[in-house]
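Along the sequence shown, residues are numbered consecutively beginning with 1.
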Amino acid sequence: IAGALRVRIGRATQEFGPGETAVVPPGTPHVFENASSETTHFRGEVRPALRTEEFLERLAALAQEHGTTPERRLSPLALAPLVSEYQREVRLPYLPGIVQRMAIGALAALARRRGHRELPPLSSPGGSTPNRGA
């Protein structure tokens with residue numbers, strides 16, 4: 001919609017501007033990044049959506065709480081409860097499912113012991129997702 005968006009789909013990276021479209025095939029690892037110094041706005045569609053909007057809202061709130069920047073990203077312990085809660089919506093690339101579930105489960109348990117207990121609340125009305133990480 002506005003700005004420049006860098007998209008990595010698999011191992012290929014491309015930049016997109018207003019009016020351009022990227023398609024990520026199902027199951028393909030991908031990353032979206034702002035490619036300019038200005039604010040970038042883009043519209044995304046996820047099918048099936050499941051709880052992707054909730055995941056992204058909570059990810060943004062978590063990033064804000066922890067004061068993340070491009071140079072200072074969320075730690076695995078801060079992310080583990082969120083990824084554990086939204087396992088159907090997000091997967092780590094290149095790890096078999098069973099290994100991923102075991103690793104995320106162990107990290108989420110460690111995160112809870114270290115005080116990363118609660119997920120940020122949903123701001124949207126009707127957001128009634130149970131907080132399994134608590």
Side-chain angles (χ1 to χ4, degrees):
I1 298 170
L5 186 67
R6 183 176 302 112
V7 182
R8 186 176 61 209
I9 301 172
R11 299 193 189 282
T13 301
Q14 192 173 351
E15 287 192 16
F16 294 87
E20 294 183 299
T21 301
V23 175
V24 179
T28 304
H30 55 282
V31 176
F32 300 102
E33 298 177 306
N34 186 346
S36 71
S37 58
E38 305 296 321
T39 299
T40 294
H41 294 272
F42 72 99
R43 180 168 305 155
E45 180 179 334
V46 178
R47 290 181 273 169
L50 303 174
R51 299 182 306 153
T52 301
E53 187 173 0
E54 288 178 20
F55 168 76
L56 292 172
E57 180 182 333
R58 284 188 158 151
L59 177 61
L62 195 61
Q64 188 171 19
E65 282 177 16
H66 287 260
T68 61
T69 66
E71 296 79 29
R72 184 173 174 253
R73 298 180 185 251
L74 286 168
S75 74
L77 285 181
L79 280 170
L82 182 69
V83 173
S84 179
E85 174 68 26
Y86 292 93
Q87 288 184 46
R88 291 184 62 208
E89 290 76 19
V90 64
R91 296 219 167 68
L92 301 173
Y94 312 114
L95 278 180
I98 187 73
V99 174
Q100 185 174 166
R101 284 189 295 279
M102 289 172 36
I104 292 300
L107 272 176
L110 179 60
R112 285 190 295 275
R113 284 196 294 277
R114 295 228 176 141
H116 297 279
R117 296 187 183 276
E118 294 191 32
L119 295 178
L122 293 169
S123 63
S124 56
S128 59
T129 302
N131 184 350
R132 290 186 215 143

Review point. Between Arg72 (side chain) and His66 (backbone), is there a donor-acceptor pair under 3.5 Å?
Key: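 It does hold such a pair.
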Practice item. Output yes when a side-chain donor or acceptor of Thr40 lies under 3.5 Å from a complementary backbone atom of Ala4, and no otherwise. Key: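 Side chain of Thr40 to backbone of Ala4: a pair is present.
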Minimal non-hydrogen separation, [X] against [Y], with atom names:
{"X": "Leu74", "Y": "Leu62", "result": "CD2-O, 3.9 Å"}
{"X": "Leu50", "Y": "Glu89", "result": "CB-OE2, 3.3 Å"}
{"X": "Gln100", "Y": "Leu95", "result": "NE2-O, 3.8 Å"}

[atom1]/[X] to [atom2]/[Y] distance, rounded to the nearest 0.5 angstrom?
{"X": "Ile104", "Y": "Leu79", "atom1": "CD1", "atom2": "CG", "answer": "8.5 Å"}
{"X": "Arg112", "Y": "Ser84", "atom1": "CZ", "atom2": "OG", "answer": "6.5 Å"}
{"X": "Leu82", "Y": "Arg58", "atom1": "CG", "atom2": "CZ", "answer": "8.0 Å"}
{"X": "Leu92", "Y": "Arg101", "atom1": "CG", "atom2": "CZ", "answer": "11.5 Å"}

Review point. Side chains of Arg88 and Arg51: does their closest heavy-atom pair fall under 4.5 Å?
Key: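 Side-chain contact under 4.5 Å: no.
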Check your understanding: In terms of hydrophobic clusters joined by side-chain contacts under 4.5 Å, are Val24 and Phe42 together?
Key ->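 Yes, Val24 connects to Phe42 through the hydrophobic network.
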Check your understanding: Applying the 4.5 Å side-chain criterion to the ILVMFWY set and letting contacts propagate, would Val83 and Val99 be lumped into a single cluster?
Key ->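 In one cluster with Val83: Val99, yes.
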Quick one: side chains of residues 5-17, donor-acceptor pairs under 3.5 Å with protein atoms, not counting sequence neighbours, listed by atom name and distance.
{"unit_1": "Arg6", "atom_1": "NH2", "unit_2": "Glu15", "atom_2": "OE2", "d": "3.3"}

